[in-house]
Amino acid sequence: QASRLLELPYSSFDDDDDAEQDPGVWYPDPPKPSPFSRCVRHLAFLWNLLFLLLGLLTLAVGVWGLLTKSPLPGGERGAPLGSDPMLLFVLAGLGASAVSLAGCLGALRASPCLLRFFLGAVLAFGGLELLGGLLLLLLRRRLRDALRDLLLLCLLRYQEDPDLQFLLDEVQRSLQCCGLESYRDWESNPYFNCSAPGVRACGVPASCCQQPLQNGSVPN
């Protein structure tokens with residue numbers, strides 16, 4: 001009897017008589033999922049479905065921003081694709097959608113491969129956030145100088161990129177500020193410099209003013 005039990009797992013299924021279960025041998029029933037595990041699976045599916053929808057929405061906003069951006073009068077784009085802010089929305093939407101889709105299918109189908117991929121991606125994102133926090137703490141002075149240089153570059157390219165112009169205007173309106181330290185920071189922009197030939201010379205954007213008029217002009 002013991003030798004027969006040891007041979008059962010290695011028996012061939014080609015012979016129907018051998019493949020039939022012996023009524024005299026006890027076969028354990030497959031384990032059934034408990035109500036708690038089913039509840040966890042459904043919650044994980046719904047949670048990942050929510051992030052999947054948010055990722056698709058972010059992706060749609062990024063693609064819409066890339067496609068509907070108006071070109072400059074010369075017919076050229078204001079900024080190259082690699083430095084376009086909308087590209088961040090596209091990449092973030094793709095990453096969130098891929099990871100959330102793997103989590104949804106893994107929780108729904110109980111797939112170990114998809115669940116491992118989902119867990120690895122979440123751990124990788126968490127590790128990157130932790131590493132970014134440590135770098136921000138250790139290199140805060142260098143990052144502050146680099147951020148200042150980046151913001152000055154944004155002021156310099158204010159008129160070249162519509163997305164950048166919108167972001168700077170919203171930041172200045174919400175924070176009620178003008179420039180980085182003072183309104184004189186806008187002198188680095190060739191359109192607002194006092195040596196500029198246009199009407200914006202020695203001026204600032206309308207978002208620096210507290211109550212700009214409807215047509216975009218600023219009262220004296």
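Residue indices begin at 1 and follow the sequence shown.
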Using 0.5 Å steps for rounding, measure from the CG atom of L49 to the NE2 atom of H42.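 The distance works out to 12.5 Å.
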Can you measure from CG (N48) to CG (L43) and round to the nearest 0.5 angstrom?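 Those atoms lie 11.0 Å apart.
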Do other residues, nucleotides or ligands put more than 12 heavy atoms under 6.0 Å from F89 CZ?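 Atom CZ in F89 is not packed in, count stays at 12 or less.
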Can you establish whether the number of heavy atoms outside Y191 located under 6.0 Å from its atom OH is more than 12?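 It does not: Y191 OH has 12 such atoms or fewer within range.
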Determine, using the 4.5 Å side-chain heavy-atom cutoff (strictly less than), whether [X] and [Y] are members of one ILVMFWY cluster.
X	Y	value
L136	L139	yes
L131	L143	yes
Y183	L168	yes
L50	F45	no
L152	V204	yes

Write down the atom of [X], the atom of [Y], and the distance for their closest heavy-atom approach.
X	Y	answer
D185	L180	OD2-N, 2.8 Å
R173	S207	CG-CB, 4.0 Å
F192	W186	CB-O, 3.5 Å
G179	Q172	N-OE1, 3.0 Å

Chi angles and distances behind the side-chain contact (heavy atoms from CB on, under 4.5 Å) call for D169, Y158: CA-CA 10 Å; D169 288 339; Y158 176 78; 2.7 Å; yes
Would a distance-only check, ignoring hydrogens and angles, find a side-chain to backbone donor-acceptor pair under 3.5 Å from Q165 to E160?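 A pair under 3.5 Å: no.
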Using only atom types and a distance under 3.5 Å, with no angle test, would you say the side chain of N193 pairs donor to acceptor with the backbone of N189?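 The answer is no, because no donor-acceptor pair under 3.5 Å joins these two groups.
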Looking at residues at least two apart in the chain, or sitting in another chain, which of them share a disulfide (SG to SG under 2.5 Å) with C178?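 C178 satisfies disulfide (SG to SG under 2.5 Å) with C208 once adjacent residues are dropped.
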Can you name the disulfide (SG to SG under 2.5 Å) partners of C177, sequence neighbours left out?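 Residues passing disulfide (SG to SG under 2.5 Å) with C177: none at all.
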Sorted by first residue and then second, give each side chain to side chain donor-acceptor pair (under 3.5 Å) pair with at least one member in residues 134-154; sequence neighbours left out.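 Passing the test, one end in residues 134-154: R148-E181.
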Just grab all the salt bridge (charged side-chain N to carboxylate O under 4.0 Å, His left out) pairs involving residues 92-102, residues at least two apart or on different chains.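 Sorted pair list comes back empty.
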Cut-off 3.5 Å, no hydrogens considered: what does the side-chain donor-acceptor table look like for residues 113-130, sequence neighbours left out?
none

When the side chains of residues 91-112 are checked against the rest of the protein, which donor-acceptor pairs come out under 3.5 Å, sequence neighbours left out?
| residue | atom | partner | partner atom | Å |
| --- | --- | --- | --- | --- |
| S97 | OG | L56 | N | 3.4 |
| S97 | OG | G93 | O | 2.6 |
| S100 | OG | A96 | O | 2.7 |

